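One structure is given below, encoded as structure tokens.
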Amino acid sequence: MTLLQLNELTVYYGPVRGIAGVSLEVEEGEVVALLGANGAGKSTVLKALSGLVRPLSGTISYDGRDLRSIRAHDRVRLGLVQVPEGRRIFPALTVEENLELAGFGFGDPRAKRRSRVEEVLERFPLLQPHVGKLAGMLSGGEQQILAIGRAMMAGPRLLMVDEPSLGLAPQMVEYVYELLEGIARQGTAVLLVEQNVTLAFEISRRAYVLQQGRVVLSGASADLEDDPRVVAAYLGTDRGDGDRLASETADP
Amino acid sequence: MSLELVVSDIVAGLFLGASFALIAVGYSMVYGILRLINFAHGDFYMVAAFISYTILGAVTVGTKVDWGNVVWVGVVTMLAGGVLAVAVAKLVYSPMRRAATLSLMIAALGVSQILENGVLNIPSWGSNYLPFPVTPPSAGFTVATVHYTWTQVGIIGIAVVLMGGAYWIVNHTMVGTAMRAVAQDRTAAMLMGIKTDRIISIVFFIGGGLAGAAAIMMSLYYGEINYLMGFSIGLQAFTAAVLGGIGNVAGAALGGLLLGVLESVGTGIFGAQWALLFAFGALVLTLWLRPRGLLGERVGQRV
């Protein structure tokens with residue numbers, strides 16, 4: 001069943017184009033990678049999904065619902081949860097406060113929130129020794145795990161993860177990806193933005209490649225893995241082609 | 001100068017400082033969450049004073065204090081201060097959420113002018129000093145030839161309780177945790193499902209409420225009100241907030257009390273015309289020697 005469907009989504013930041021006519025789908029429980037070089041528009045897609053930027057045109061349908069009129073904090077409640085780029089944990093709150101806060105807006109009783117904190121801590125044992133520490137004191141990897149744990153507190157049906165491997169030691173990257181795989185195995189759909197193509201193909205079933213705000217390639221990860229055009233999209237070696245692609249369908 | 005006089009100046013300073021502190025806490029909380037120096041904050045205090053003046057005037061017979069009346073009017077005044085602050089936040093600051101900090105600050109100055117001139121133009125309020133409808137009794141106790149009234153003691157006590165309450169909310173409740181989260185990273189808070197607008201409104205409500213409490217206390221004590229009464233006290237409260245470490249509730253309270261004592265002792269020695277010099281001298285010295293303020297070391301703990 002289709003959980004998320006973007007149709008011809010276009011986002012501008014003032015006069016600057018973020019994405020143009022992006023269409024993509026995520027099935028229930030599916031892991032989908034969103035690839036592309038810096039500035040290709042990957043994070044913009046996630047921001048539009050989370051309601052942080054308002055699309056100029058196009059539609060977002062999530063669980064059969066039109067998201068346009070739903071505000072950012074309410075989207076979280078619907079299970080559309082983002083782990084933002086750069087982790088964005090609250091550095092001057094404790095690890096425990098970071099966790100408990102996520103989903104505080106749902107109006108659940110405290111006991112229920114507490115038991116969810118316990119569940120997340122059980123699932124992310126690396127956080128356990130740090131519960132009382134300020135989150136800002138954690139290592140980068142631990143902060144990334146906290147950011148994922150915090151998102152899990154909100155009970156996602158679709159977890160959007162923006163560059164989870166950025167700036168982490170290789171071992172930590174592996175650990176984080178194992179966590180994400182575990183989350184996906186339990187039925188949570190994952191929309192992964194990642195610059196590390198190898199990692200992304202490893203974990204995802206399907207992938208979309210963005211270039212200059214447009215989807216230039218999409219398909220099963222297994223097929224794309226060996227497709228030279230993926231590398232080209234990253235390195236911009238066929239920039240001429242990309243430009244042509246862009247101008248062919250440019251907005252009037 | 002005798003020791004008793006110094007002690008009495010210090011006590012008077014704590015009393016003055018309690019009002020600075022109440023206003024400074026609101027200043028500081030709003031700054032913490034929006035990075036906005038809300039120059040209209042002192043005018044919330046002023047408008048609240050006029051509201052308490054009008055209600056209390058309507059229900060008071062003679063000038064004898066009816067404490068029951070004072071208490072409920074005090075609560076109403078706090079609510080009015082809170083509602084006014086939220087209204088300003090919703091009507092003026094919220095639509096400007098993407099504007100530069102400087103634009104917000106100028107908007108705050110505009111709100112301040114609107115409130116002051118609004119009150120000035122209300123016929124029964126106007127520009128004169130209005131005598132507050134009740135005068136607290138002078139009963140109290142005397143220590144070493146200096147007389148202290150129970151009203152003074154009560155006011156300091158209530159101020160401490162209210163500030164303690166604000167501190168407790170910010171640091172020991174989930175709403176307070178949400179305030180601190182919004183202060184640190186509003187977008188991330190939104191992504192965690194926090195209704196950030198509501199949290200900001202709560203901060204304004206508490207800040208306005210504390211200003212309302214200060215308004216009725218100070219009006220009761222000084223016995224008169226005026227449409228410009230919020231201007232100077234607002235600047236002093238701002239100074240107190242910076243002195244204590246702006247964005248920090250405990251710092252604002254401490255800064256307020258310190259500033260009150262400093263002004264009171266200073267004017268005791270040099271004369272009342274020097275009061276503001278002490279306040280702004282303290283501001284300059286703080287910005288020079290310890291810009292983050294006395295308790296400002298926990299950067300990021302703002303609100």
Side-chain angles (χ1 to χ4, degrees), chain A residues 13-14 46-47 49-54 71-94 96-110 113-114 117 134-137 146-147 149-156 159-162, chain B residues 28-29 31-35 90 94-95 97-100 103 167-203 245-251 292-293 295-303:
Chain A
Y13 297 104
L46 296 197
K47 280 183 189 156
L49 282 172
S50 282
L52 298 181
V53 295
R54 191 186 292 273
R71 310 214 306 164
H73 56 78
D74 289 326
R75 295 185 191 195
V76 179
R77 200 177 187 148
L78 294 176
L80 196 62
V81 186
Q82 184 178 158
V83 180
E85 186 178 357
R87 313 184 270 270
R88 306 280 287 264
I89 46 119
F90 304 111
L93 299 187
T94 65
E96 199 171 17
E97 286 174 325
N98 264 277
L99 290 175
E100 197 176 351
L101 190 69
F104 163 62
F106 298 178
D108 291 336
R110 185 180 168 84
R113 269 196 330 265
R114 293 299 316 168
V117 170
L134 292 185
M137 312 288 278
L146 174 59
R150 188 177 64 166
M152 291 313 287
M153 281 291 298
L159 185 68
M160 300 175 278
V161 191
D162 200 346
Chain B
S28 209
M29 287 175 70
Y31 176 84
I33 206 153
L34 287 188
R35 299 293 179 276
K90 288 269 175 220
S94 175
R97 87 188 71 200
R98 282 176 223 287
S103 314
Y167 180 85
W168 181 78
I169 288 174
V170 168
N171 291 292
H172 296 284
T173 68
M174 275 318 285
V175 171
T177 309
M179 287 175 190
R180 286 179 287 141
V182 173
Q184 287 167 45
D185 190 335
R186 200 196 307 191
T187 304
M190 218 182 278
L191 288 177
M192 290 303 117
I194 303 294
K195 295 174 181 121
T196 53
D197 287 349
R198 182 175 299 176
I199 297 296
I200 290 168
S201 291
I202 294 172
V203 166
I246 194 157
N248 178 316
V249 172
R292 67 209 155 129
L295 299 186
E297 68 279 352
R298 287 181 297 171
V299 177
Q301 277 283 47
R302 298 192 183 93
V303 166

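Order of the sequence lines fixes the chain letters, A, B, ..., with proteins taken first and strands second; residue numbering starts at 1 for each chain. The shown structure was predicted, so the numbers you read here are calculated from the model rather than taken from an experiment.
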Name the region of R113(A), side chain, backbone, both or neither, that has any atom closer than 4.5 Å to a heavy atom of chain B.
->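 The answer is the side chain of R113(A).
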By a 4.5 Å heavy-atom criterion (distance strictly below it), what part of R71(A) contacts chain B: side chain, backbone, both, or neither?
->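 For R71(A), side-chain heavy atoms alone lie under 4.5 Å from chain B.
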In Å, rounded to the nearest 0.5 Å, how long is the span from CG of L191(B) to CD of Q82(A)?
->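 Between atom CG of L191(B) and atom CD of Q82(A) there are 5.0 Å.
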I194(B) CD1 to L101(A) CG distance, which is reported to the nearest 0.5 Å =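 Atom-to-atom, I194(B):CD1 and L101(A):CG are 4.0 Å apart.
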Can any side-chain N or O of R77(A) pair as donor or acceptor with the backbone N or O of G193(B) at less than 3.5 Å?
->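 It does not hold such a pair.
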How far apart are the closest heavy atoms of R75(A) and G51(A), and which atoms are they?
->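 So the minimum-distance heavy-atom pair works out to NH1-N, 3.2 Å.
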Which of T187(B), T177(B), V175(B) touches chain A most, by non-hydrogen pairs under 4.5 Å =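 With the most close heavy-atom pairs to chain A, the winner is T177(B).
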